[in-house]
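To start, the structure under review is shown below, and the notes come after it.
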Amino acid sequence: MRQFAPRLSVALAVGRTARRLSKLAGRGRGNVVGGHIALGIEPKALHILAAGRPTLLVSGTNGKTTTTRFLARAAALAGPVVSNDDGANLPRGLVSVLMDPHIETSARLVAEVDERWLSAVVEATRPEVVVLLNLSRDQLDRMEEVRGTASRWRDGLSIDEATRTTVVANADDPIVVAAVPENAKTVWVGAGLRWRDDAATCPWCGQRIAWDSDDRWRCVECGRTRPTVSWQLDGAVLHTAGGGHVDLVLAVPGRHNLANAAMAVAAAAQLGVAPADAARACATVENVAGRYQHAWGPAHRGRVYLAKNPAGWIETLDVLDADRRPVVLAFNSNGPDGRDPSWIYDVAFERLADRRVIVTGERATDLSVRLRYADVAHRVVTPLAAALAEGRDVDADVVASYTAFGAVRHELDDG
Amino acid sequence: MADSTVTIAVLAPDLLGTYGDIGNALVLERRLAWRGLSAEVLGVNPGAGVPETADIYLLGGGEDAQQTLATTELVRSTALGRAVDRGAVVFAVCAGFQILGHRYPAAGTERPGLGLLDVDSLRTTGSRAVGELLADPIAASVGGAELGPLTGFENHAARTRLGPAARPLAAVVNGVGNGFDNLEGAVQGRVVGTYLHGPALARNPALADLLLSWAVGELTPLAVDEVDQLRRERLIGQTGARAMKGRSRTRAWRNWQTRWT
């Protein structure tokens, strides 16, 4: 086991104790309190724990947890891996993972990072690879505007600590492209972009962005255009940088997960993992920290989905259309959800008009008004347990916003 | 109106739509439809021309670059000004509200607005105004209409000061609002600006119906259970410890009166 300077040793000891106590007290999975306390005692805890440890980071508005899971499985083919696989993506979450005395000192860190914290974590961990998925509106009351986040990413990737970093970025998102510094080592992936409303104007000159029939974007004024990609997703086929292609066959539904897998395969290739092997590793992922899990057991088809912003919902609506099962919508608007639920008017809930809809959660009424204006018949059922009981009876899908998702997992795990 | 279909024009929805304000168009259209009145919602790209004959024009909130592009495009057209002269209704939120004024802040500088509301928007050195907003409408500004408390969510950096030709929509009870004189929004004829997201008209059906009545005349009453339930919940959430007392509200109104009358 590594020996650390006294302050960090104290920080880790106290943090680990806190984590044990937290788990014993049943307050969550103890994922972050240990890291939180350790950072309080030693602010450089992440820097020190990450030093010398090869690191891959994943960030973006949607898909971080799933892509990180894919990438962790693929990277494991190149050596031992440690990951924040329960979605704790702030610095304290990463510290919590690295504090574990049982992890291998040479294990690669594969971590998802909250968009607001990417720059700070890049500086602390000097990653070999950073994966940039997408940027769109999410928690508008907490996040600075989308453009601001992109601008911070660009600054964060321009520092000395990122000189040797390879950026694996989605070329189909103009905001992501603008976030990559000009002279960064970049691997461009054509992963697609379904939600385009946050990319209406050119991040460079402010004029309109247009998309052509091949879904390539360009600025109508300044001529900036989608970069040439070395990896291209075409349906479920990923054309690779080496000139070949692999079929992506996943155990989790949705076009967005094909995109997430494409990004993970391209990132794993930077470690020397063959695309076909990486793709097979992605195929073993069935449940990502509760996302996509079968809500009512393996004999039933209803699944649990997380949808927390318009970009996530547009993909989720597509997935739900496959079976059109009854659906339970669990909706909160607490801090991590974004306190302003206005964004639900950017979601085409009208598409749910052809099935049974149950609404629950702390802000069920806001969603109920939205559905009423969408002319979608529905019932509000509270508390959450009652709504899930009804969902079980009809083998419903469950779609939850961020904090409601945690509550749903809790209910389903206990029941 | 030439025919009986109410036309609702949403200006630059791809630029001024970051905060869900497109929902205002849906609310207006549905509240007409549920009363048996036909309405049509148009998304207008101002660069391609602004219709002069719509009954109601809506502008939403957006980020800085989008706000600037929308204004640049709108300024080239005189259609909106002519529509306002003809008696059209305009309802503008946040960045849209700022655009209607004389000037608004953008990228460290100031840019001219459309001049349809006698207001100036200025960058603040303070923190961003973010949170639930509760305001008491000023009946005199809306022709004596009783709207009940206005609730919504605000999220803006700039502050907006009213000139003499603009009346305040409401007095702030909880939150920041315009940031001057404890006032929220502005009304000038049938042009209304506000900092309420929510969307504003989903949260405040009486305000939605007021705008509709300006366009179509008297409306039959409409009771929507879900909307009533939402109002109750949001008001309970608001009138807790942080709510100001009634006398502060009166003081704000007196300040405004002293200044402009």
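Reminder, nothing fancy here: chain letters follow the sequence lines and each chain counts from 1. Owing to the predicted nature of the structure, the values given are computational and were not obtained by experimental measurement.
To the nearest 0.5 Å, atoms CD (B:E233) and CD (A:E362) are separated by 10.5 Å. Expressed to the nearest 0.5 Å, how far CZ of B:R203 lies from CG of A:D366 amounts to 6.0 Å. Put simply, CG on B:D14 and CZ on A:R208 are 4.5 Å apart, with the number rounded to the nearest 0.5 Å. Atom OG1 of residue A:T201 and atom CD of residue B:Q67 lie 12.0 Å apart, to the nearest 0.5 angstrom. Separation of atoms CD (A:Q207) and OG1 (B:T68) is listed at 10.5 Å; rounding is to 0.5 Å. Note that CD of A:E221 is 9.5 Å distant from CG of B:L69, once rounded to the nearest 0.5 Å.
Per-residue counts of heavy-atom pairs under 4.5 Å with chain B were compared for A:V380, A:D197, A:D375; the largest is that of A:D375. Between chain A and the options B:V27, B:V224, B:I22, B:V227, heavy-atom pairs under 4.5 Å are most frequent for B:V27. Between chain A and the options B:A33, B:A202, B:A65, B:G20, the largest number of non-hydrogen pairs under 4.5 Å is found for B:G20.
Heavy-atom distances place both the backbone and the side chain of B:L230 under 4.5 Å from chain A. Residue B:E29 does not touch chain A at all, counting heavy-atom pairs closer than 4.5 Å.
For residues 333-349 of chain A, heavy-atom neighbours of chain B at less than 4.5 Å comprise A:R339, A:D340, A:S342, A:Y345, A:D346, sorted by residue number.
With a 4.5 Å cut-off on side-chain heavy atoms, B:L26 and A:E350 count as touching.
Within 6.0 Å of CH2 in B:W214 there are more than 12 heavy atoms belonging to other residues, nucleotides or ligands.
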side-chain contact (heavy atoms from CB on, under 4.5 Å), that's the test. Do A:V146 and B:E63 meet it? Break it down for me.
CA-CA 8 Å; A:V146 179; B:E63 299 189 33; 3.6 Å; yes

Determine whether B:D225 and A:R372 satisfy the following criterion, salt bridge (Lys or Arg N to Asp or Glu O under 4.0 Å), listing intermediate values before the conclusion.
CA-CA 9 Å; B:D225 294 339; A:R372 182 65 198 265; 5.7 Å; no

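Of all the heavy atoms in B:G17 and A:R137, the pair that sits closest is O-NH1, 2.9 Å. B:L15 and A:A200 get closest at one heavy-atom pair: CD2-CB, 4.3 Å.
With sequence neighbours excluded, the residues satisfying ring pair (Phe, Tyr, Trp, His ring centres under 6.0 Å) with B:W34 are A:Y373.
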